[in-house]
Amino acid sequence: MPDIIQLLPDNIANQIAAGEVIQRPGSAVKELLENAVDAGATEIKLVVNDAGKALVQVIDNGRGMSETDARMSFERHATSKISNIEDLFRIKTMGFRGEALASIAAVAQVELKSKKEGETTGTYIEIDNSVVKKQELIAMEKGTSIAMKNLFFNVPARRNFLKSNPSELRNIVDEFIRVAMSFPDIFFSLTSNGQQVFHLERGSLKQRIVQLLGNNYTARLVSVQEHSDYMNIYGFVGKPDTAKKTRGDQYFFVNNRFIKSAYLNHAVMGAFDSMIAKDSYPMYALFIDLDPAQLDINVHPTKQEIKFEDEKIVYAFVQSAVKHSLAQFSISPTLDFELDSSIQNLDAVSQPFTDERKSSAASSSLYNTFSQKNQAHFIENKSELKHWRDFYEPVSKEQQTISVDQGQHSNAAASTNIAESLYAEKHRQIQEDTPLQQMHFTYILAQNDAGFLVIHQQNAHERILYERFIKALDGKPIAIQQSLFPQTMELAAQDVVLLNELLPDLQYLGYHLEPFGNNTFVIQGTPSDVAQGNEKTAIEKMLEQYKHFSNDLKYSKREKLLRSLAWQQAIKAGKALTQKEMRSLVQDLFICASPNITPNGKPTYTAFKKNELDRMFGR
Ligand code: ADP
Ligand code: MG
């Protein structure tokens, strides 16, 4: 019997290996952009034709390659980024496996031009199917241009598997955004079929996010920033009202590398809990930096999934950092004037680790909680809960007015409510003896020790009613005021079906209605807040709103009913209120579980802090 095992020829071995790294044009985009970043470029241009199927080209002004390096770079396992196994655990660059260029060259036609700084000539190399077709010297500027043409021209089976142009282009844009977002101090552009799609000047992270994700995020980003010895986190989350119904603008970067992590996503979603509607997705772009030794980035060929040495710490840290920022935003949305984009130029978000910041962070208790490396496990230990709570303790003088009710929470799970109780607690201290002031029949000014609040009467009342209704359905029915002269109402056939469905819940919510045959109902009683004589309109309006919500499939029937009723019954902007009405509105608001937003995510109040006002006036 002859021996049957043989070594695969290089180009076939490369093609097989390429399958892991280069699956579609977007994969090449990612690898080429990352190489340009690793080369220290300050300007990176991406050009694609035919959704990358015909051409993916990346042009950079980075350090370039010598003639030998240029040739070497296409060999499998050719890399300048690691030289021994220890390096693998210290990896700071984007690439390290030395597979990308070899893979690209195995499945496409490649043209490389590169010149190192200080050398007189550059190198031009043409490769087809892993074979060098041409190599010559050329004149060019410092930097590198790599063009990948006709992807999978030699692997028709894979070419047939490419998706439609819009779908491949979308993937290219996704990859482009992920790299461009993590390097706001690099200029990036993207040109598709001769049209410039992105032109991203260098700037702050915040500006880059707005450039990439759209102007609707201007002034609607909340900064996240926490430091510790174990890890740092910085970046932005969208204010709750920017949450979208589709998952999308959500980005995690670990050591500046985009990663996917359902686990960390869960941590962020938990921090937003109850501030946004269920099934809506908040924007976030969060950068986590930690010692590469605490990570394994090698678990996935395209390096998008990583393993943390200690996932639980990272989870807890991310969640509390986001909560902390959201809590601060709720206390003081006005801080935003400091985040104005013109002032943002000065913002050090792009260089978050200055010594000054480090030392100010070092004095925070959050920092200390995580300072002892690997000892942060104690946050899981109930007896050490105090450290967990330290997350919410003041990090600077200005915030020292915040007090947390330490007695209330007896286990770590309860900490989910700390952020909420934290600001509710604070605002409950509205000064009882200072009169409230209504402005434009819409806003109530209320003084507290830290400054004053501007409360939107309609939004606030919607929140109050909504929570009251939840309790009602939970077994504390709202008192029904029996009508002295029961009205009858006639409805269209489809509304009759609808109302019949809602009758049992409505009873709990204070509406006593009885079917009376022939599409007619008798209104026997309504909640005491509904003025006598207005019962009919109230119910009609509620039904109208309910039907409006009906297009929104994400809400349950009950949820839609609650929201419709809260919306319908809330006092409206433009209504004059007495001192007593304002007082009870404000009091009711701050005993709510989520006093800061309406059920639909609009803010209910804005806080102005005296010390910030003083600062604005140079005091
Ligand atoms: P890796 O990035 O993992 O090292 P690649 O196959 O992507 O592997 O690249 C191989 C090598 O080619 C890199 O290590 C680098 O030295 C060089 N290289 C690739 N692209 C560039 C570039 N745009 N500018 C300078 N050097 C580059
Ligand atoms: Mg690379």
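Just so you know, ligand 1 is whichever comes first in the structure, and atom 1 is the first atom listed for that ligand.
Among the atoms of L101, some N or O lies under 3.5 angstrom from an N or O of ligand 1. For ligand 1, the polar-atom distance check against A100 finds a nitrogen or oxygen pair separated by under 3.5 Å. Backbone and side-chain nitrogen or oxygen atoms of S73 are examined, and none is located within less than 3.5 angstrom of a nitrogen or oxygen of ligand 1. The shortest N or O to N or O distance between T79 and ligand 1 is below 3.5 Å. By the 3.5 Å distance cut-off applied to N or O atoms, T144 is counted among the residues near ligand 1.
The aromatic ring centres of F287 and Y251 sit 6.0 Å or more apart. The six-membered or imidazole ring of F258 lies away from that of F252, with a centre-to-centre distance of 6.0 Å or more.
Here N35 reaches the Mg ion (ligand 2): one of its N/O/S atoms is less than 2.8 Å from the metal.
For E168 (side chain) and K163 (main-chain N/O), a donor-acceptor pair under 3.5 Å exists by modelled atom type. When atom types are taken as modelled, the side chain of K115 and the backbone of E119 share a donor-acceptor pair closer than 3.5 angstrom. Formation of a donor-acceptor pair under 3.5 Å by the S192 side chain with backbone atoms of Q195 is not found in this model.
The shell of residues lying under 4.0 angstrom from ligand 1, judged by heavy atoms, includes M65.
When heavy-atom distances to ligand 1 are checked against a 4.0 Å cut-off, D38 has no atom that comes that close, whether in backbone or side chain.
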Run the numbers on F188 and F198 for ring-ring contact (aromatic ring centres under 6.0 Å, His included), then give the verdict. CA-CA 8 Å; F188 284 92; F198 285 103; over 10 Å; no
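With ligand atoms numbered from 1 in the order given, ligand 1 contributes 22 (C), 23 (N) to contacts under 4.0 Å with heavy atoms of D60.
A donor-acceptor contact closer than 3.5 angstrom links the side chains of N150 and Q109.
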